[in-house]
Amino acid sequence: MASNHLYLVDGSSYIFRAYHRLPPLTNIHGQPVGAVYGYTTMLWKLADGLRKADGPTHMAVILDHSAKSFRNDLFDQYKAHRPPPPEDLVPQFPMIRDATRAFSLPCIEEEGFEADDIIASYAKAALRAGWSVTIVSSDKDLMQLIEPGLDLLDTMNNRRIDADYVVEKFGVGPDRLGDVLGLMGDSVDNIPGVPGVGPKTAAKLILEHGDVEAVLAAAPAMKPGKLRENLIEHADMARLSRILVTLKDDVPLPDPLDALALGDIPEPPLRAFLEHHGFRSLVAKLGAVAEAPVTAATAAPAPPTVGPEAPCDHDAYEAVTTLDALDRWVAEATAQGIVAVDTETDSLDPMRANLVGVSLALAPNKACYIPIGHVGGDLLSDAPVQIDRAAAIARLKPLLADPAVLKIGHNIKYDIIVLARAGAEVTPFDDTILMSFALDAGLHGHGMDELATIHLSHSCIAYKDVVGSGRNQLGFHQVDLKRATHYAAEDADVTWRFHRRFRPRLSAEQVTRIYERVDRPLVPVLARMERRGIKVDRAQLARLSADFAQQIAGLEAEIHALAGTPFTIGSPKQLGDILFEQMGLKGGRKGKSGVYSTDVNELERLAADGVDVARKVLDWRQLAKLKSTYTDALQQQINPETGRVHTSYGLTGAQTGRLSSNDPNLQNIPVRTETGRQIRDAFIAEPGNVILSADYSQIELRLAAHMADVPALKEAFARGEDIHNLTALELFGEVNRDTRARAKTINFAILYGISRWGLAGRLEVTPDEAQAMIDRYFERFPGINRYIAETLTHAREVGYTTTLFGRKTHFPRINARVQHERQGAERAAINAPIQGTSADIIKRAMAQMEPALAAAGLPNVRMLLQVHDELVFELPETDVDAASPVIRAVMAAAAEPAVKLSVPLGVEIGTGPSWGAAH
DNA sequence: ACCGTCACG
DNA sequence: GACGTACGTGACGGTA
């Protein structure tokens with residue numbers, strides 16, 4: 001009897017979390033089922049554990065019956081401010097019951113009680129009977145129940161929650177947790193607690209005094225201050241909160257414990273449920289698990305998906321610590337011609353990372369980890385036995401460069417840079433993050449953990465669980481070999497499994513071209529750009545920092561004087577209070593957090609009304625921004641080894657196919673104001689060299705003219721006219737500063753997906769006037785209207801848009817019933833083909849640039865940066881005249897021969913000693 | 001961790 | 001009839 005183990009699934013809280021964590025899938029009937037799918041796979045995994053040592057013998061799902069419980073009688077504000085669940089989650093609640101029934105599991109709910117109380121009652125009863133209990137939830141209230149024999153399982157993060165976890169998180173054990181929760185309150189459930197008491201203070205008080213009552217009793221003797229005052233004033237709220245967080249553990253059990261026994265799950269109802277929703281991969285799994293004969297009906301509709309493999313088995317992975325073993329793996333990889341590769345390092349920045357180990361995978365669960373830079377976990381222990389670094393790299397190098405062996409990586413640009421710095425070239429390669437992006441951009445992220453959950457129903461070992469977090473966090477080189485092997489080899493194993501799934505989908509879903517011809521070729525190009533970095537003048541940045549600091553201090557004093565009191569100018573909350581309450585200026589609340597908007601529009605409005613302090617705050621903000629984000633931060637980013645700044649480009653960051661840039665972001669260096677431009681002047685060339693900047697002129701408008709086939713626009717571009725002037729003439733009948741500025745705004749509005757209100761706000765006209773301009777635009781430029789309508793119709797039908805080169809961006813919200821969600825998706829869908837085509841073109845130019853320069857005998861021209869429509873080079877002064885026409889030609893012809901554009905692509909080039917001067 | 005803000009195309 | 005309005009990013013400081 002002692003071996004009985006009851007699993008209690010907190011169904012309601014699971015689907016809320018699943019809804020927010022998982023991608024918004026829809027089933028074959030178009031109903032949203034993301035959370036239900038997550039729930040189904042979770043139940044499956046739990047039920048699968050039936051025969052495992054620590055698996056469930058009994059299981060039940062507990063749901064909340066309704067929104068009200070006895071706690072509402074105690075406190076009418078309980079859970080009062082909770083917003084209604086999202087619209088596309090609501091229909092999933094009843095489906096949860098269907099799913100539970102499909103597994104033939106008991107589904108328990110009781111009027112007047114919350115799921116937590118029923119769970120507590122079952123848990124106590126089971127413990128009394130000598131059973132073990134696992135509660136499938138990560139709800140902090142339920143953590144109060146933890147005691148020997150009872151733990152929580154967080155399936156979303158695949159982690160057990162025990163007393164140690166509670167102590168780590170809340171500072172007290174499960175027995176005191178209720179007191180801590182009572183003192184701190186819970187904003188989600190609207191449990192008040194004591195104002196000003198958060199988790200830290202609550203834990204400290206409870207540790208010191210024992211429980212809530214003792215804390216309240218001790219309050220009058222505490223040192224005078226806000227805390228003492230609040231404890232005394234809100235003592236009753238504290239007592240009430242303590243009661244509200246207490247779980248009721250004596251609810252009469254609707255079903256006896258024995259009725260929860262978990263047996264074999266009958267297949268027919270489960271199959272019917274899965275097929276109803278079109279969960280094909282799960283249906284396939286059902287067939288495999290049950291070894292049922294596969295009928296034509298269940299076998300037929302299979303797209304190029306891949307059947308189930310053995311689940312990831314950490315114990316199957318091998319730690320390779322001898323040269324003989326390494327040679328065997330290299331030989332087998334060479335013979336097979338395809339191997340998944342992953343590197344482990346001690347930093348996320350590939351330009352600072354030291355190589356710690358390499359993992360390889362050849363088949364599911366056939367994976368190894370080759371440690372080469374591990375040390376003992378602490379000062380006392382020796383480094384583990386491992387192959388000498390140089391010897392290991394020497395053995396791996398031929399494999400990594402072998403033209404007959406395909407190396408598969410997930411975000412392999414990182415590994416390519418790290419390995420290149422270690423002296424190894426990686427070619428040829430495939431990258432599963434780029435495959436996922438080509439296939440599913442817009443549907444979900446493309447990180448390994450997220451994709452493993454989606455495609456493998458597998459939770460990867462969390463990096464945090466391997467290296468820890470906070471103060472005690474280790475470098476990966478300090479992780480012990482067994483854990484390191486589990487983690488690292490799993491990454492390679494998972495990458496191998498991704499490749500097997502994605503590769504056949506590329507051609508089936510018509511994205512091979514974008515993957516093979518646009519994105520993948522860019523990886524080595526970006527790797528080289530990142531490794532090159534760009535020189536910045538540290539002294540110049542330091543001078544600017546000092547200059548800005550002085551101006552900031554002056555403005556701060558003036559602002560405080562005008563406000564009549566010192567305050568934190570950088571706090572929107574404080575600033576809003578000062579401006580709109582203390583100084584009594586006009587302005588309205590905005591945003592759900594209830595703070596006044598103090599953004600640039602609002603402050604400009606005030607400044608125009610002659611409010612001096614508003615202008616000064618704007619100036620302060622600009623300088624503070626420039627100092628903290630640029631002049632201070634960039635100095636920190638100078639790599640000590642190279643003396644240059646190395647950004648990292650993301651290929652999958654922007655849904656449209658644009659690159660992103662981070663650590664540091666070099667795609668948002670100031671240029672629009674004179675002060676900001678000084679920062680660009682600090683990006684300089686080496687002596688004897690210059691910076692060359694080449695940018696596409698109006699590329700998105702040109703592409704819009706081509707894609708929407710607008711004769712007037714195409715002709716104007718062909719003649720080389722100023723397009724904003726033309727628009728001004730067509731819309732307003734005359735060209736002057738004002739009409740040109742308005743025309744420019746309208747041209748952008750078209751690219752971004754227009755709304756009369758949006759345009760009205762920008763132009764400061766009424767929505768009716770804005771609508772009149774839009775109508776006139778459509779009339780003067782026929783084609784635009786049709787393009788927008790066709791793009792939307794197509795997106796609604798297939799769920800994605802396509803660029804001229806075949807890049808897809810998915811819009812799962814394009815048919816949303818919530819208006820503003822749908823409209824947001826529509827605007828993005830109008831813009832995506834244009835922005836995306838522009839991104840495709842410059843990517844193609846980048847891939848062709850180095851061979852073209854080499855062919856022109858210009859090997860010393862180095863491409864350093866890409867800023868969406870601009871490429872930045874560093875080159876010997878003497879090469880400028882020869883390089884400029886090559887660069888211009890490559891960029892202007894980058895769409896060809898794949899796409900013949902009906903507008904020319906203009907390229908503007910400038911050079912100078914700095915990036916600022918090159919513009 | 002989230003928000004508000006603001007730098008860029 | 002109200003909602004909050006342009007598309008795509010990343011980084012910072014303040015706050016909970």
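Worth knowing before you read on, the calculation uses all heavy atoms, side chains too, and leaves out hydrogens, waters and symmetry mates. A, B, ... follow the sequence lines: proteins, then strands. Residue 1 opens every chain.
Atom P of nucleotide dA11(C) and atom CG of Leu634(A) are separated by 11 Å, given to the nearest angstrom. Rounding to whole angstrom units, CD of residue Gln823(A) and P of dG4(C) are separated by 13 Å. In this structure, the CG atom of Leu651(A) is 19 Å from the P atom of dG8(C), given to the nearest Å. Here the P atom of nucleotide dG10(C) and the OH atom of Tyr649(A) are 13 Å apart, to the nearest Å. Atom-to-atom, OH of Tyr777(A) to P of dA6(C) comes out at 19 Å; the value is rounded to the nearest Å. Atom P of nucleotide dG4(C) and atom CG of Asn601(A) are separated by 16 Å, given to the nearest angstrom. Atom CD in Glu700(A) sits about 13 Å away from atom C1' in dC8(B), given to the nearest Å. Taking atom CD of Glu821(A) as the reference point, atom P of dC7(C) lies 14 Å away to the nearest angstrom.
Of the candidate nucleotides dA16(C), dG9(B), dA7(B), dA16(C) has the atom lying nearest to any side-chain atom of Lys573(A). Checking dG4(B), dA11(C), dG8(C) against the side-chain heavy atoms of Asn662(A) singles out dA11(C) as nearest. Checking dT5(B), dG8(C), dC12(C) against the side-chain heavy atoms of Ala654(A) singles out dG8(C) as nearest. Considering only side-chain atoms of Asp663(A), the nucleotide from dA11(C), dA7(B), dG4(B) that sits closest is dA11(C). The nucleotide whose nearest atom lies closest to any side-chain atom of Val600(A) is, among dG13(C), dG9(B), dC6(B), dC6(B). The side chain of Asp599(A) approaches dT5(B) more closely than any other nucleotide in the set dA6(C), dT5(B), dC12(C). Considering only side-chain atoms of Ser755(A), the nucleotide from dT5(C), dT5(B), dG9(B) that sits closest is dT5(C).
The base of dC6(B) sits with one of its N or O atoms less than 3.5 Å from a complementary donor or acceptor on the side chain of Lys625(A). Taking only distance into account, the side chain of Ser660(A) never meets the base of dT9(C) through a donor-acceptor pair shorter than 3.5 Å. Between the side chain of Arg762(A) and the base of dA6(C) there is at least one donor-acceptor pair of N/O atoms closer than 3.5 Å. Side-chain to base pairing of Arg827(A) with dG8(C): no donor and acceptor N or O lie closer than 3.5 Å to each other.
Of the C1' atoms belonging to dG4(B) and dG4(C), the separation is 16 Å, rounded to the nearest Å. The same atom, C1', is picked in dC3(C) and in dC8(B); the two are 29 Å apart, to the nearest Å. Here, dC3(B) and dT5(C) have their P atoms 14 Å apart, quoted to the whole Å.
Within the 4.0 angstrom heavy-atom criterion, only backbone atoms of the sugar-phosphate kind lie near Asn665(A); the bases stay farther away. Among the atoms of the strands shown, only primed sugar atoms or phosphate atoms (P, OP1, OP2) are found under 4.0 Å from some heavy atom of Ile669(A). Contacts of Asp695(A) with the nucleic acid, taken as non-hydrogen atoms under 4.0 Å apart, are absent. Here Thr809(A) lies out of heavy-atom contact (under 4.0 Å) with every strand. Contact annotation for Gln622(A): backbone-only contact, meaning every heavy-atom pair under 4.0 Å involves sugar-phosphate atoms and none involves a base. Gln655(A) comes within 4.0 angstrom of the backbone, heavy atoms only, and of no base. Residue Ala749(A) is classed as a base contact, given a heavy-atom separation below 4.0 Å to a base. At the heavy-atom level, Gly570(A) lies under 4.0 Å from the strands shown only through sugar-phosphate atoms. Among the heavy atoms of the strands, none lies under 4.0 Å from Ser838(A). Gly653(A) comes within 4.0 angstrom of sugar-phosphate atoms only, judged by non-hydrogen atoms across all strands, and of no base.
Here dG1(C) sits opposite no nucleotide as a Watson-Crick or G-U wobble pair (both hydrogen-bonding atom distances under 3.5 Å). Across every strand in view, dT5(B) sits in a pair with dA11(C) that passes the Watson-Crick or G-U test at under 3.5 angstrom.
Side-chain N/O atoms of Arg621(A) include one lying less than 4.0 angstrom from OP1 or OP2 on dC6(B). Taking side-chain N and O atoms only, Ser571(A) has a distance below 4.0 Å to OP1 or OP2 of dT15(C). OP1 or OP2 of dT15(C) has at least one side-chain nitrogen or oxygen of Gln574(A) nearer than 4.0 Å. Distances shorter than 4.0 Å separate none of the side-chain N or O atoms of Thr656(A) from OP1 or OP2 on dC7(C). A close approach under 4.0 Å does not occur between any side-chain nitrogen or oxygen of Arg680(A) and OP1 or OP2 of dC8(B).
Counting non-hydrogen atoms of neighbouring residues, nucleotides and ligands closer than 6.0 angstrom, the CD atom of Gln473(A) exceeds 12 such neighbours. Heavy-atom contacts from other residues, nucleotides or ligands closer than 6.0 Å to CE of Met237(A) number 12 or fewer.
Note that CG of Leu666(A) is 8.5 Å distant from CD of Gln637(A), once rounded to the nearest 0.5 Å.
Cation-pi geometry between Lys808(A) and Tyr800(A) is met: the NZ or CZ atom falls under 6.0 Å from the ring centre, inside 45° of the normal.
A salt bridge is defined here as a Lys NZ or Arg NE, NH1 or NH2 lying under 4.0 Å from an Asp or Glu carboxylate O, and Glu700(A) with Arg658(A) meets this definition. Note on Asp663(A) versus Arg352(A): no salt bridge recorded, every NZ/NE/NH1/NH2 to OD/OE distance being 4.0 Å or above. For Lys413(A) and Glu530(A), the salt-bridge test passes: some basic side-chain N is under 4.0 Å from an acidic carboxylate O.
Arg680(A) has its side chain out of reach of Tyr630(A): every pair of non-hydrogen atoms, C-beta onward, lies at least 4.5 Å apart.
With the nearest nucleotide of DNA chain C identified for both Trp757(A) and Gln835(A), Trp757(A) has the one nearer the 5' end.
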